[in-house]
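Working notes, beginning with the structure itself.
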Amino acid sequence: MNRIKIGTLLLLVLLILIIPSCTNLDEEAFSVLPTDVYYSDKNSIERALLRPYEHGHWCGWDGDRWYLQELSADQFTWAQKGKHGYDSGNWIRLHGHDWDADQGQVYGGWIGPYQGIGQCNTIIRDFEALNFPDFGLTDADKATYIGELRTLRAWFYLFVLDLFREVPLVTLPDEIKEQVPPAETFAFIEKEILESLPALKQTAQRGRWTQAGAAALLVRLYLNAEAWIGTPKYTECSKIAQDIIDKKYGNFELDTDYRGPFRSGVKGYRSPENIFEFPHIKNYYEGGWMYDAMMHYQVRYSLDTDKGGWNGINMSPSRDLKGDLYPYVLGGPYEKFPNTDFRKRPFKTLSTDGNYEGFFLVNQLYKFNEENRYGVDSSSMILGTEEWKDFPLIFVDQCGRFSDDPALKKLESESNDAYKARVYKYLEEVRKRGYHIATSSVVLEKGSDVSKGEESTGIRLLKFPWLSITSDLFMSNSFPEIRMAEIYYSLAECKYRSGDKAGAAKLLDAVRKRNYTAEDFAKISYESGATTLTDNEFIIELGREFLGERHRRTDLVRWKRFGDEWWAKPKDAKDKTVFPIPNRALNANAKLKTNGY
């Protein structure tokens, strides 16, 4: 067996061993074994190193942390769809900023990062006590591995600093400590990264922290310093961001293809833009939570997958019940994309090798083209199963009970064929224009809010492409945690805040140009002045570029816009930029105090 096969086998065995652990997050067998038993060879050290990375993937891209960042902001909602999706009112409260210290997602925002911190603390302690040369490793390897763990721990701490501000700072296993001021946690994160960075590798390591990744965490830290600790650090942010762009910490650059960062991993492609990405492997290291949370049950027959979906999360509506665009500056993310933007195209696979276009599942849904093994069969519509049972399933950029219109109900004297033809005709008009125009008082009086959806409510995000399982591509794409676009936009924001709008425009355009033809880009370029770069435009542009990437709440807080009104949410009466310390955490640690709730 050659070395490559041995390495692959080790990876698969490792993944099999570690994946079940996220179904029982209290179980960490290595932490209760004596170190001289657990650490028996080089492979056991590497298994221990990778364990908190696996937890990091779960922490960043599986549920509660994403919910807190995106469902509390303006671009996504989990609309109740008929009898489905009420879920104890969790999603209504998140959208309306009406959460409390007992809400499960708030506790998830706390415990997920702290479990990762605990894992890092244990393994750092163990590694510090080991003589790496005894295991066929070097002291330089030891410094690199500990540096990776300290950087990963700093990444976990960014979550709790961002979400809760005043948090315990623990660095040893099983420590129980009181909260510290945000500035102390900020300084700890900064110190950990700065001290770890020199020992990290510069060469890209998929799913591992390198110098560029650590430096990018400093960019995040400094960009949000004013919001988190009250002290602006835009100068420091600019310096690190420029160094990353200048390749001081590694050879990363913008992908020329708008799809590139999100199809990294497919057919062996590696995007040069992704500074840190979490890899996926079907049946071993999956990222299916986002698919489940967003996709309708019938989508599997259009995309050719083996997952049913929960029909939960959709993009916040751009249009009201009559089909008019909402006037809010925030929200309505789909219609914030110009029609000429490649990303706004409906998602469609173009070949069997993973080529596709568009970021959105929108309008009429058709079945997968089994003959071609890509694309859809436009002669075979997918039908609804709930409110629109046996009728074409059409995703609309609206949230309302359109199916309750009395005019769409079967008349007593009407034949089944006549009724079906009438509703088909109505839905064909919806398909052509892309939205409903409600005239029924029944529909209009019910209104539009998070509790008033139906199965076809909302456009679904396919920025992270769910590709055909028949072609063995499903769940083969990585999730980009940090990419070069974030560095460009962070530096642009620093320049914008300093008054250098021209410099900001140039940086933003360097990323944006890949989303358009040259002719169309000239019409919306910031640098040319075709589109004016204002505060509102900058916030909207952040939403376009990082849609669904777990950025939005943090961005709105930093721009002091988190309390503004948007669809189905009035302006906040109180400051909700920080989540309450969960009651479950308070009950577990007598040294904790509430943080203002």
Side-chain angles (χ1 to χ4, degrees), residues 66 69-71 73-77 223 254-263 273 294 313-319 325-347 357-362 397 458-465 480 482-493 496 501 504-517 520-528 530-559 561-562 564 566-567:
W66 196 97
Q69 283 287 55
E70 297 290 359
L71 295 188
D74 63 316
Q75 295 187 305
F76 291 90
T77 183
L223 184 65
L254 293 172
D255 202 309
T256 57
D257 189 326
Y258 74 99
R259 298 159 294 188
F262 314 103
R263 67 177 181 90
E273 181 167 326
M294 293 185 178
I313 297 169
N314 51 268
M315 291 169 61
S316 296
S318 303
R319 295 182 182 273
L325 292 174
Y326 284 114
Y328 307 112
V329 171
L330 300 177
Y334 179 71
E335 290 295 348
K336 294 293 196 298
F337 286 84
N339 290 334
T340 54
D341 192 321
F342 297 148
R343 297 170 295 181
K344 197 176 184 181
R345 294 175 179 175
F347 180 85
E357 67 179 13
F359 279 179
F360 303 106
L361 202 59
V362 58
D397 197 10
I459 293 169
R460 313 306 165 90
L461 182 68
L462 277 171
K463 180 179 192 176
F464 311 98
I482 301 176
R483 52 193 182 90
M484 282 296 292
E486 180 179 346
I487 307 306
Y488 274 75
Y489 274 56
S490 297
L491 182 56
E493 184 172 330
Y496 181 89
K501 288 190 177 183
K506 184 175 182 179
L507 287 161
L508 295 176
D509 277 359
V511 181
R512 297 170 73 234
K513 64 183 181 181
R514 66 187 176 193
N515 302 319
Y516 305 86
T517 66
D520 288 333
F521 183 64
K523 299 174 184 177
I524 55 91
S525 166
Y526 294 135
E527 193 173 6
S528 70
T531 300
T532 304
L533 190 57
T534 62
D535 284 9
N536 283 346
E537 178 61 25
F538 207 117
I539 293 165
I540 291 169
E541 177 55 28
L542 285 170
R544 282 189 288 251
E545 181 60 35
F546 301 108
L547 181 68
E549 294 186 56
R550 215 187 60 244
H551 285 224
R552 191 58 171 170
R553 172 194 156 273
T554 302
D555 290 344
L556 292 181
V557 169
R558 187 174 67 252
W559 282 86
R561 304 297 288 274
F562 188 61
D564 287 4
W566 50 75
W567 171 77

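Reckoned from all heavy atoms, side chains included, excluding hydrogens, waters and symmetry mates.
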Looking at CG of Leu491 and CG of Leu507, how far apart are the two atoms once the value is rounded to the nearest 0.5 Å? 5.0 Å
Any luck finding a side-chain donor-acceptor pair between Gln69 and Arg550 under 3.5 Å? no
All side-chain contact (heavy atoms from CB on, under 4.5 Å) counterparts of Ala510, not counting sequence neighbours: Leu254, Tyr488
Should Leu508 and Phe538 be marked as a side-chain contact (heavy atoms from CB on, under 4.5 Å) after you check the CA-CA gap, both sets of side-chain angles, and the distance that decides it? CA-CA 9 Å; Leu508 295 176; Phe538 207 117; 4.0 Å; yes
For Phe562, give me all partners under ring pair (Phe, Tyr, Trp, His ring centres under 6.0 Å), at least two apart in sequence or on another chain. His97
How long is the straight-line distance from OH of Tyr328 back to CH2 of Trp566, given to the nearest 0.5 Å? 11.5 Å
One should read off an interatomic distance between Glu541 CD and Leu533 CG, to the nearest 0.5 angstrom, of 8.5 Å
So, Glu493 and Arg558, do they make that salt bridge, N to O below 4.0 Å? yes
At what distance, to the nearest 0.5 angstrom, does CD1 of Ile482 lie from CD1 of Ile487? 7.0 Å
Quick one: do Phe342 and Arg345 satisfy side-chain contact (heavy atoms from CB on, under 4.5 Å)? Show the steps, please. CA-CA 6 Å; Phe342 297 148; Arg345 294 175 179 175; 3.4 Å; yes
Could you walk me through whether Leu542 and Trp559 pass side-chain contact (heavy atoms from CB on, under 4.5 Å), step by step? CA-CA 11 Å; Leu542 285 170; Trp559 282 86; 3.5 Å; yes
Quick check against the 3.5 Å criterion: does Ser528 have a side-chain atom that pairs as donor or acceptor with the backbone of Ser525? yes
Residues Glu527 and Lys506 bridged, charged N to O under 4.0 Å: no
Does the ring centre of Phe360 sit less than 6.0 Å away from the ring centre of Tyr334? yes
Quick one, Leu556 and Asp74 - any side-chain contact, counting heavy atoms below 4.5 Å? yes
Does some side-chain heavy atom of Pro465 sit less than 4.5 Å from a side-chain heavy atom of Phe347? yes
Residues passing the salt bridge (charged side-chain N to carboxylate O under 4.0 Å, His left out) test with Glu537, sequence neighbours excluded, are Arg544
Sorted by chain and residue number, the salt bridge (charged side-chain N to carboxylate O under 4.0 Å, His left out) partners of Lys463 (sequence neighbours excluded) come out as Glu549
Test item: Tyr258 side-chain N/O and Gly358 main-chain N/O as donor-acceptor pair under 3.5 Å: yes
Go through the side-chain N and O atoms of Asn536 and Arg561 and say whether any donor and acceptor fall under 3.5 Å apart. yes
Has Thr77 got a side-chain atom pairing as donor or acceptor with Ser316's backbone, closer than 3.5 angstrom? no
Would a 4.5 Å heavy-atom cut-off, applied to side chains only, mark Phe76 and Met294 as touching? yes
For this output row, return yes or no: ring centroids of Phe262 and Phe359 closer than 6.0 angstrom. yes
Could you tell me whether Arg512 sits above the aromatic face of Tyr526, with NZ or CZ closer than 6.0 angstrom to the six-membered ring centre and within 45 degrees of the axis? yes
Who are the salt bridge (charged side-chain N to carboxylate O under 4.0 Å, His left out) partners of Arg343, not counting sequence neighbours? Asp341, Glu545
Is the closest side-chain heavy-atom distance between Leu461 and Leu547 below 4.5 Å? yes
Between the main-chain N or O of Gly458 and the side-chain N or O of Arg460, is there a donor-acceptor pair closer than 3.5 Å? yes
Just by distance, do the side chain of Trp66 and the backbone of Gly548 share a donor-acceptor pair under 3.5 Å? yes
I'd like to check the salt bridge (charged side-chain N to carboxylate O under 4.0 Å, His left out) partners of Lys344; sequence neighbours left out, ordered by chain and number. Glu335
Salt-bridge present (Glu70, Arg552; N to O < 4.0 Å): no
Can you check side-chain contact (heavy atoms from CB on, under 4.5 Å) on Phe337 and Asn515, steps first, answer last? CA-CA 10 Å; Phe337 286 84; Asn515 302 319; over 6 Å; no
What pair of heavy atoms forms the shortest contact from Ala485 to Glu273, and how long is it? CB-OE2, 3.3 Å
Quick check against the 3.5 Å criterion: does Asp397 have a side-chain atom that pairs as donor or acceptor with the backbone of Ser318? yes
Between Asp535 and Tyr496, is there a side-chain donor-acceptor contact under 3.5 Å, judged purely by atom types and distance? yes
Pairwise distance CD1(Ile540) to OG1(Thr534) - rounded to 0.5 angstrom: 7.0 Å
